[in-house]
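All remarks here apply to the structure that follows.
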Amino acid sequence: MSAPTITTLGEFLQAGQAEYKIFDIGRCLTELSQEEFAAIEQQQRPYPYPIARQAQLAILFQHKQHDQQPFIWFLQFPLDERGLLNIAARNQYLEYVVNALGHEITGEMTEEQQKQLQQNPYLLTPNEQQRAALHARVQRQQKLSPSIHFETAEAYLRQPESGIDWQQMGLQGLHDCAARLEQLPELSKAIATHFSHYPSAVRQPLAVALEQQSLTPPVRDVLLQNLENSNAQLCTDSLRALASASAHPRVQKAINKLVPNANADQLVVIAARLWPVLCEEPNLLRYLDAIAELDNSLFDALFQDIIALPGIRPLLLSIIAQQKQSVAVNEALNRLKQQTQGS
């Protein structure tokens, strides 16, 4: 009996006797179920979190029977105009891997095999924040100890006035703290108390760490209060940190209240990190009005970003088809259309 034909990454990992997890790392760190990823690979559904018409993925896997460190592939695949995975690119990547490794994907690689794998065009080099967020999430999921940077970061975040030099904190430590707030209620309360008083050089990377992990109610509530703060940077940092709570009704209400007076940075954060807020028509119309007041290039970039999101695209196209947008938005869309046709 012949072996089944392998046509997808999921099938390849299963054939290699691997346990695996798939994460989107392009927008916010989000785990994709194996069933969801299978549907994406079979073009049965668009990729849910596109960024610049790409799917940015981390695939974490290890052999089911062997006690070993997990392997991680960081990959980037193009998406077509419908947001579906580019199958030719996926197949080419599979070909690279099979040629280099066969089906022994969890074995020790030779230098030649590593070289072969490095030569494929679909490898993604994640930034330091993406790596740190993934590492923190996985360590927590697997009930492993956090990094060596955790204790210093936790001590500083609990008592910023204690004399600890925040410049000695590793970025990984902030991500480890953010990933463990639910297990560390005292740390959660401390961050809620001190968030607005941390130096901006601490608060901004902390906000990036928080956006990738689940928030506790005390932290969420303080961040919501900060959205009304006159300090624009504190407001922006708090907005970004709320990304993982974007489906919460109070978060959605607060962001919709902010939108008409939001600055350009805040409007970018909403599109990039808090787009679920825009999945209802009144909210999306309000957001379109706000970005229509920005300069042309920023309007164009934000509009093209949100129309690529499958959770927003049908609603946005329906609004345009029914001419529900304001005059200012319509003028911006006509200009964009003419510009696109002329290029």
Side-chain angles (χ1 to χ4, degrees), residues 24-28 30 40 43 45-57 76-89 124 127 211 227 232 235-236 239-240 242-243 246-247 251-252 254-343:
D24 173 78
I25 60 170
R27 287 185 178 266
C28 288
T30 308
I40 290 166
Q43 289 192 322
R45 58 173 297 175
Y47 189 75
Y49 313 115
I51 187 161
R53 290 184 67 169
Q54 302 277 338
Q56 294 187 349
L57 297 163
Q76 181 167 268
F77 292 118
L79 305 171
D80 68 16
E81 65 281 355
R82 299 164 295 171
L84 299 175
L85 191 70
N86 183 307
I87 296 299
L124 170 68
N127 62 39
E211 77 180 1
L227 295 189
C235 178
T236 303
L239 182 66
R240 184 159 189 173
L242 283 164
S246 58
V251 174
Q252 298 213 349
I255 292 172
N256 286 320
K257 183 179 176 183
L258 172 70
V259 163
N261 300 309
N263 63 30
D265 286 344
Q266 291 157 1
L267 293 170
V268 169
V269 168
I270 291 168
R273 299 289 188 258
L274 294 135
W275 71 93
V277 174
L278 306 179
C279 291
E280 293 183 19
E281 186 174 290
N283 307 347
L284 183 54
L285 286 168
R286 191 179 296 112
Y287 183 79
L288 290 171
D289 286 341
I291 64 173
E293 296 179 14
L294 301 174
D295 66 64
N296 292 348
S297 60
L298 193 48
F299 171 87
D300 297 351
L302 291 173
F303 178 82
Q304 289 167 340
D305 188 40
I306 61 174
I307 201 170
L309 288 160
I312 294 175
R313 183 179 176 85
L315 175 60
L316 185 47
L317 292 176
S318 173
I319 286 172
I320 295 169
Q322 297 176 60
Q323 291 287 297
K324 291 183 177 180
Q325 69 273 24
S326 67
V327 172
V329 173
N330 198 51
E331 287 175 354
L333 291 175
N334 285 334
R335 178 193 49 75
L336 176 58
K337 183 178 180 182
Q338 290 168 3
Q339 182 179 306
T340 305
Q341 290 172 341
S343 60

Expected list for residues 284-294: side-chain donor-acceptor pairs under 3.5 angstrom, two or more places apart:
residue, atom, partner, partner atom, Å
Tyr287, OH, Leu267, O, 2.6
Asp289, OD1, Ser326, OG, 2.7

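Here the shortest heavy-atom pairing between Pro310 and Pro314 reads O-CD, 3.3 Å. Scanning both residues, Gly311 and Cys279, for their nearest heavy atoms gives O-SG, 3.5 Å. In this structure, Ile312 and Trp275 approach most closely via the heavy-atom pair CD1-O, 3.7 Å. Minimum heavy-atom separation, Ile40 to Pro48: CD1-CD, 3.6 Å.
Shown here are the side chain to side chain contact (heavy atoms under 4.5 Å, CB included) partners of Glu81, two or more places apart in sequence or in another chain: Arg53. Judged as a side chain to side chain donor-acceptor pair (under 3.5 Å), and not counting sequence neighbours, the contacts of Asp80 are Arg82.
For the pair Ile25 and Leu124, the minimum side-chain heavy-atom distance is below 4.5 Å. Counting heavy atoms from C-beta on, the side chains of Arg273 and Cys28 come closer than 4.5 Å. Within the 4.5 Å cutoff, the side chain of Leu309 has heavy atoms near those of the Arg27 side chain. Considering only heavy atoms from C-beta on, Val327 comes within 4.5 Å of Glu331 through its side chain. A 4.5 Å side-chain heavy-atom check between Val329 and Ile320 finds every atom pair outside the cut-off. Gln304 is listed as a side-chain neighbour of Leu336, based on a closest heavy-atom distance under 4.5 Å. Here the side chains of Gln339 and Asp300 are in contact, with some heavy-atom distance below 4.5 Å. A heavy-atom distance below 4.5 Å is not found between the side chains of Cys235 and Asn263.
Rounding to the nearest 0.5 angstrom, the gap separating the CG atom in Leu316 from the CD1 atom in Ile307 is 4.5 Å. One distance of note links CG of Asp24 with CG of Leu57; it measures 6.5 Å at 0.5 Å rounding. Taking CD1 of Ile270 as the start and CG of Asp265 as the end, the distance is 11.0 Å to the nearest 0.5 Å. If you take CG on Leu79 and CG on Leu84, they are separated by 8.0 Å, rounding to the nearest 0.5 Å. Lys324 NZ to Glu281 CD: the interatomic distance, rounded to the nearest 0.5 Å, is 3.5 Å. The line from CD1 of Ile255 to NZ of Lys257 is 13.0 Å long, rounded to the nearest 0.5 Å.
Although no hydrogens or angles enter the test, the distance criterion places a donor-acceptor pair under 3.5 Å between the side chain of Thr236 and the main chain of Ala232. The closest donor-acceptor contact from the side chain of Gln266 to the backbone of Val259 lies at 3.5 Å or more, if one exists at all. Between the side chain of Asn256 and the backbone N or O of Gln252, at least one donor-acceptor pair lies under 3.5 Å. Counting only distance, with no hydrogens or angles, the side chain of Asn283 and the backbone of Val277 share a donor-acceptor pair below 3.5 Å.
Ring geometry, Tyr49 versus Tyr47: the interplanar angle exceeds 60°, so the pair is classed perpendicular (tilted spans 30 to 60°).
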